[in-house]
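Throughout, numbering of the chain's residues begins at 1 and tracks the sequence.
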Amino acid sequence: MRPRMRMTAVAAGLALVAALAVTTGTAAASNAPAPSPKQEPTVQAEYFPGPAAEGRRVQVPATSPYSASAPAASSAARSADAAAATDGAVTVLSQTGPSSARMDVAIIGDGYTADQQADFLADARARWAEVTAVEPYRSYTGLFNVWAVGAVSAQSGISGDPSAGVVKNTALGSYFWCSSTERLICVDLAKVKSYAAKAPAADLVVVVSNSTKYGGAGYSGLGSSYPFAGVSTLSSDNSQSSLIAAHEIGHSIGLLADEYTYDSYGTYTGAEPVEPNSTVRTAAQLTSAQAKWYRWLGESDPSGGTVGTYTGSSYYPLGVYRPTADSLMRSLSTDKFNLPGREAMISGFYRYASSLTAATTATTVSRGQTVTVNVAALAAGLSRLDLRWYVDGTEVTQAKGLTSVVPGQLGVTADGRTHTLMARVTDTTDSLRDPKAKTAATDTLTWSVTS
Ligand SMILES: [Zn+2]
């Protein structure tokens with residue numbers, strides 16, 4: 001994570017879900033009926049009824065009926081010593097840089113016993129590989145750190161699998177048939193928070209539940225009491241479930257709207273949506289206002305077809321538009337973000353990550369001292385990182401691309417003055433067109449050079 005940007009991301013995330021009710025169970029006024037003492041807090045969760053379906057959103061409990069009632073005696077049934085040794089163990093799946101300059105993802109297992117932790121690690125790797133096979137994740141994995149948190153469950157498998165009446169005692173209480181919906185895997189969010197805290201500075205959480213059955217969910221609008229941007233759940237051994245996480249991270253990191261609709265919602269009459277992929281404006285109006293995705297209008301889109309303004313978005317079939325006919329933010333029948341979505345995702349990565357970090361951490365160096373930087377190793381694909389060096393604001397062109405330089409060799413003379421050395425990495429990807437997004441994808445480091 002990038003602490004400086006964290007508040008921005010959280011604030012934007014809250015704005016995204018401002019319309020979503022979060023019930024706390026607290027009476028609003030003194031003359032209101034007394035709340036039930038058993039009333040549980042609820043949050044919004046999104047699920048996909050099938051592997052190629054459009055999503056749905058429902059209100060679900062923040063707690064799990066299974067983890068909450070887990071019998072304490074069950075711990076006697078497992079190997080207590082083995083569980084104590086491994087519960088919450090953190091394994092590095094991918095570490096590409098310091099957490100301060102990376103988007104940190106915590107993948108937590110549920111329904112794995114102490115003896116099944118190797119299975120969990122294999123499943124976590126496999127599902128994350130599927131998520132990051134989708135662009136723009138694929139090109140930008142060098143901006144992510146991925147941590148696996150091995151939660152030890154008393155029993156193998158999760159509640160509701162294979163059928164609704166099955167109850168399992170698991171570390172996070174994840175379960176199918178949440179809100180009477182088979183495909184919806186809910187989880188105990190307090191336990192998610194507790195296990196996620198074991199990984200360094202998690203920005204995103206993915207819960208991998210031990211099951212072969214299709215399913216998952218995405219939580220949003222969790223509020224500031226959760227230190228990460230989103231939580232996705234998915235089945236461990238069902239590769240069709242991986243696109244659920246790819247979609248949900250679109251909300252958490254790209255701050256994207258759902259592009260699917262409910263017939264019952266009718267015509268949207270509200271203000272311009274805050275999300276970058278939803279608008280009340282027509283293509284002509286976008287262009288004249290230079291708003292939203294006007295820079296992409298008419299382009300051939302990876303999801304198929306041409307970028308335009310297609311009727312129906314943000315749950316409303318009328319009165320609001322989306323950029324393309326289909327996309328990963330509309331249904332899981334495609335694994336493609338559209339071009340505006342792709343731009344929003346890359347911008348989101350750079351809110352949490354920086355492509356440039358200092359290997360030389362001193363801020364003042366001498367003219368004979370070697371200064372070294374690390375540039376994120378991004379995959380060949382969408383990204384185009386360009387490293388350049390500047391002395392007193394003027395580029396030293398022969399140093400382009402060098403990750404180690406000596407200021408004296410870049411023209412800093414022994415004149416007794418203090419000079420400024422700057423390294424700048426720009427991402428010149430074709431996938432960013434918004435100048436603000438391009439600026440956010442540019443990272444600089446500076447040093448004072450004593451001569
Ligand atoms: Zn969604």
Side-chain angles (χ1 to χ4, degrees), residues 1-5 94-104 132 135-145 295 339 342-451:
M1 67 171 176
R2 229 181 199 182
R4 160 176 82 83
M5 301 305 290
S94 174
Q95 185 170 16
T96 66
S99 286
S100 58
R102 290 296 179 269
M103 187 180 91
D104 289 89
T132 55
E135 288 288 14
Y137 300 107
R138 195 190 75 79
S139 291
Y140 286 88
T141 52
L143 293 183
F144 313 153
N145 287 336
R295 296 181 183 86
L339 289 167
R342 185 181 271 186
E343 179 169 40
M345 291 300 291
I346 296 170
S347 297
F349 300 153
Y350 280 113
R351 269 200 302 279
Y352 290 89
S354 168
S355 60
L356 179 66
T357 50
T360 300
T361 53
T363 53
T364 299
V365 296
S366 65
R367 62 184 287 275
Q369 189 175 339
T370 300
V371 175
T372 302
V373 297
N374 295 317
V375 177
L378 302 189
L382 300 180
S383 69
R384 305 269 187 279
L385 294 187
D386 180 49
L387 169 63
R388 294 170 190 257
W389 293 87
Y390 302 80
V391 171
D392 297 332
T394 300
E395 188 188 352
V396 183
T397 53
Q398 74 267 26
K400 184 185 175 194
L402 298 179
T403 54
S404 284
V405 300
V406 177
Q409 295 171 1
L410 300 188
V412 176
T413 54
D415 58 7
R417 296 194 295 120
T418 299
H419 297 270
T420 301
L421 174 69
M422 182 174 77
R424 169 181 284 159
V425 169
T426 306
D427 189 337
T428 61
T429 175
D430 294 339
S431 298
L432 295 177
R433 289 191 173 179
D434 181 347
K436 285 182 189 165
K438 290 184 179 199
T439 299
T442 299
D443 291 299
T444 60
L445 292 169
T446 58
W447 295 263
S448 290
V449 182
T450 55
S451 60

side-chain contact (heavy atoms from CB on, under 4.5 Å) against [X], all qualifying residues, sequence neighbours excluded:
X	result
Ala437	Glu343, Ser347, Leu432, Asp434
Gln95	Val92, Asn145, Trp147
Ser431	Arg342, Ile346, Leu382, Thr429
Thr450	Thr364, Ser366

So, taking the atom named [atom1] in [X] and the one named [atom2] in [Y], what distance separates them when rounded to the nearest 0.5 Å?
X	Y	atom1	atom2	answer
Trp447	Thr363	CH2	OG1	10.5 Å
Leu387	Thr426	CG	OG1	9.0 Å
Met422	Thr446	CE	OG1	8.0 Å

Which pairs pass side-chain hydrogen bond (donor to acceptor under 3.5 Å, both in side chains) with one or both residues in residues 387-399, sequence neighbours excluded?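 Counting only pairs at least two positions apart or across chains, the side-chain hydrogen bond (donor to acceptor under 3.5 Å, both in side chains) contacts touching residues 387-399 are Asp386-Arg388, Arg388-Glu395, Asp392-His419.
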Checking Phe144 now: which residues fulfil ring pair (Phe, Tyr, Trp, His ring centres under 6.0 Å) with it, not counting sequence neighbours?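 Expected list: Phe349.
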How would you list, by chain and number, every residue that makes a side-chain hydrogen bond (donor to acceptor under 3.5 Å, both in side chains) with Ser139, sequence neighbours excluded?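 With neighbours one apart ignored, the set is Glu135.
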Output all residues satisfying side-chain hydrogen bond (donor to acceptor under 3.5 Å, both in side chains) with Tyr137, sequence neighbours left out; order by chain, then residue number.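 Not a single residue meets the side-chain hydrogen bond (donor to acceptor under 3.5 Å, both in side chains) criterion with Tyr137.
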Identify all side-chain donor-acceptor contacts of residues 400-408 below 3.5 Å with residues at least two apart in sequence or on another chain.
{"from": "Ser404", "atom 1": "OG", "to": "Thr372", "atom 2": "OG1", "distance (Å)": "2.8"}

Quick one: closest heavy-atom pair of [X] and [Y], and the distance?
X	Y	result
Thr96	Gly142	OG1-O, 2.9 Å
Ala358	Leu445	N-CD1, 3.5 Å
Leu143	Ser355	CD2-CA, 4.1 Å

Going by the rule salt bridge (charged side-chain N to carboxylate O under 4.0 Å, His left out), which residues pair with [X] if we only count those two or more places apart in sequence or in a different chain?
X	answer
Arg433	Glu299
Arg384	none
Asp415	Arg417

Would Tyr350 and Thr442 satisfy side-chain contact (heavy atoms from CB on, under 4.5 Å), going step by step from the backbone distance to the final call? CA-CA 9 Å; Tyr350 280 113; Thr442 299; over 6 Å; no
With a 3.5 Å distance limit and no angle check, can you tell me whether Ser354 reaches the backbone of Leu356 through a side-chain donor-acceptor pair?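 Present.
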Might you work through the side-chain contact (heavy atoms from CB on, under 4.5 Å) test for Val412 and Leu421, ending with a clear yes or no? CA-CA 9 Å; Val412 176; Leu421 174 69; over 6 Å; no
Do Thr370 and Thr360 touch side chain to side chain, with heavy atoms closer than 4.5 Å?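 Contact flag for Thr370/Thr360 side chains = no.
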Less than 4.5 Å apart, side chain to side chain, heavy atoms only: is that true for Ser94 and Arg102?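 When only atoms from C-beta onward are counted, Arg102 and Ser94 do not touch, as no gap falls below 4.5 Å.
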Checking Arg367 against Val449 for the side-chain contact (heavy atoms from CB on, under 4.5 Å) test, could you report, in this order, the C-alpha distance in whole Å, the side-chain angles of both residues, the deciding distance, and whether it holds? CA-CA 6 Å; Arg367 62 184 287 275; Val449 182; 4.0 Å; yes
